[in-house]
Number of protein chains: 2
Amino acid sequence: MTYCLGIITQFGLVMAADSRTNAGVDYISKFRKLFDFSLPGDRVILLATSGSLSVTQGVIAALNQDLRHHSADNLHSLSSMHDVVRYVGDKIRSVQERDRPWLEKDGIDYHCNFLVGGQIRGEEHQLHLIYSQGNSIQAMPEMPFLQIGEAKYGKPILDRTLNFNTSMDAAATCALLSIDSTMKSNISVGPPINLVTYETNSYAIRHQLQLRLGDPYLAKIRKEWETALRNAFELMPPIAWQHLAEIEAEEDILID
Amino acid sequence: MTYCLGIITQFGLVMAADSRTNAGVDYISKFRKLFDFSLPGDRVILLATSGSLSVTQGVIAALNQDLRHHSADNLHSLSSMHDVVRYVGDKIRSVQERDRPWLEKDGIDYHCNFLVGGQIRGEEHQLHLIYSQGNSIQAMPEMPFLQIGEAKYGKPILDRTLNFNTSMDAAATCALLSIDSTMKSNISVGPPINLVTYETNSYAIRHQLQLRLGDPYLAKIRKEWETALRNAFELMPPIAWQHLAEIEAEEDILID
């Protein structure tokens, strides 16, 4: 599996991804899943991918080829994020059109998802999720993050701590902790973690980070987070139990 | 969906379940999923269920019927938790044998899972998970919890805070927070929450609790947990960014 997430706040964007790929549990590799297609000064375009590696690599290759060949439509020529999202969706469709019948015959999963975050000069910064079918949704202030891949383990921390007014640094820490929570609970998500932040109207990536296996910062943040959680935990108000070992009363409640 | 979990520590057991059942998102109901089959003084047997409601209710009805009819094998006559788990697994198989062909024809999910926790006099307290196929696994000191249903959202908090030496009260709070995290992130899991604790060698349920929608304790624990998380969050060490807006350096790392 994979876990990638994008966060959009009034201040900018955070995109993050793990790098583990597996075919079953007995063939685990590292592949980059976060790609930077920015044209500094004019636009920032960040892509994160999940799902079938052959399909997502096919899409990334097609995007790169259009750039190299200066095709009429490419990630540096399109004039809006809306067009970029449609264009990436079309690439997904064309790779799937070619490979899907062959994968489907052997029961191999061909699904994929893309996150696209960025800003093109003249527009607001935006974050989109493109589905395997090529259609897409956009993150909104009320729902300031989008996830792809193994999303469930890392969602509670985002739900509890993020909103559209969260600072860039806090959003970046939140993204790291969300991926770290997922790595801790699911072996199919693993380092290195790639993390990028973009500040709105800057048209250039602000910060980036790659955390490898055994990275001391990753170890430190995990340890401090666990200590903080345990401390938080000990401050919880004691449970107000309703009955004390009164089995009959309990049976009234537990069995109809 | 549903979310139920069982925790086993050296001190006893905690079992907890939500009560939401849904067929799609447009038919949501409340059904009990935590059942007490204890015989105080001799044994404590707690069951939690997830999956097809018609199958799990069929199993619970069969268990109750064997008790009423004083069948040779019933939850009060079997002499070990191992036998109890095999017996419940057989009931799952017999309900599925009857209904599965009809459900399968219409593509209706017939899967279910059971948690069985408790202690029979003369044995250690135990926690088991019975799969839809009737086979089972047992929780161990190294893995002191088992979950069924919508398990992923609530797993990180268990992974980070629980071990076999956790106190009963802390384990109960942890169970509540795990369910609350799931409810916050997934609409298919909802109150009332049922929570029961059992202290080893007591052969009677120790504490129980039912938290309904809008329960002030549930609201309080959620609010305090969110505050504690945000505070923990602000204490995280700042991210040590590797490069500052050096796009070329970033491209080396982000694009091969």
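In what follows, every chain begins at residue 1, and chains take the letters A, B, ... in the order their sequences are listed.
The two atoms that bring B:Ala17 and B:Ile179 nearest to each other are N-CD1, 3.7 Å, heavy atoms only. In terms of heavy atoms, B:Val14 sits closest to B:Ala175 at CG1-CB, 3.9 Å.
The distance from atom OH of A:Tyr153 to atom CG of A:Asn186, rounded to the nearest 0.5 Å, is 4.5 Å.
Contacts of B:Ile239 with chain A are made by both backbone and side-chain atoms, with heavy-atom separations under 4.5 Å. Only the side chain of B:Glu150 comes within less than 4.5 Å of a heavy atom in chain A; its backbone stays farther off. With a 4.5 angstrom heavy-atom cutoff, A:Phe233 touches chain B via backbone and side-chain atoms both. Residue contact with chain A, scored on non-hydrogen atoms closer than 4.5 Å, is absent for B:Ile60. With a threshold of 4.5 angstrom between heavy atoms, A:Leu235 approaches chain B through N, CA, C or O but not through any side-chain atom.
Among the candidates B:Ile221, B:Thr182, B:Leu177, B:Thr227, the residue making the largest number of heavy-atom pairs closer than 4.5 Å to chain A is B:Leu177. Note on B:Lys184, B:Met236, B:Arg230, B:Arg222: by heavy-atom pairs under 4.5 Å with chain A, the leading option is B:Met236. For chain A, the option among B:Gly154, B:Ser202, B:Ala172, B:Ala151 with the highest count of heavy-atom pairs below 4.5 Å is B:Ala172. Taking A:Ala232, A:Ser185, A:Pro238 one by one and counting their heavy-atom pairs under 4.5 Å with chain B, the maximum is reached by A:Ser185.
Using a 4.5 Å heavy-atom threshold, the side chains of A:Phe37 and A:Val84 count as separate. Counting only heavy atoms from C-beta outward, the side chains of B:Ile7 and B:Thr166 never approach each other to under 4.5 Å. Contact check for B:Leu229 versus A:Trp225: side-chain heavy atoms found under the 4.5 Å cut-off.
Within the 3.5 Å criterion, the main-chain N or O of B:Asn194 finds no donor-acceptor partner in the side chain of B:Gln208.
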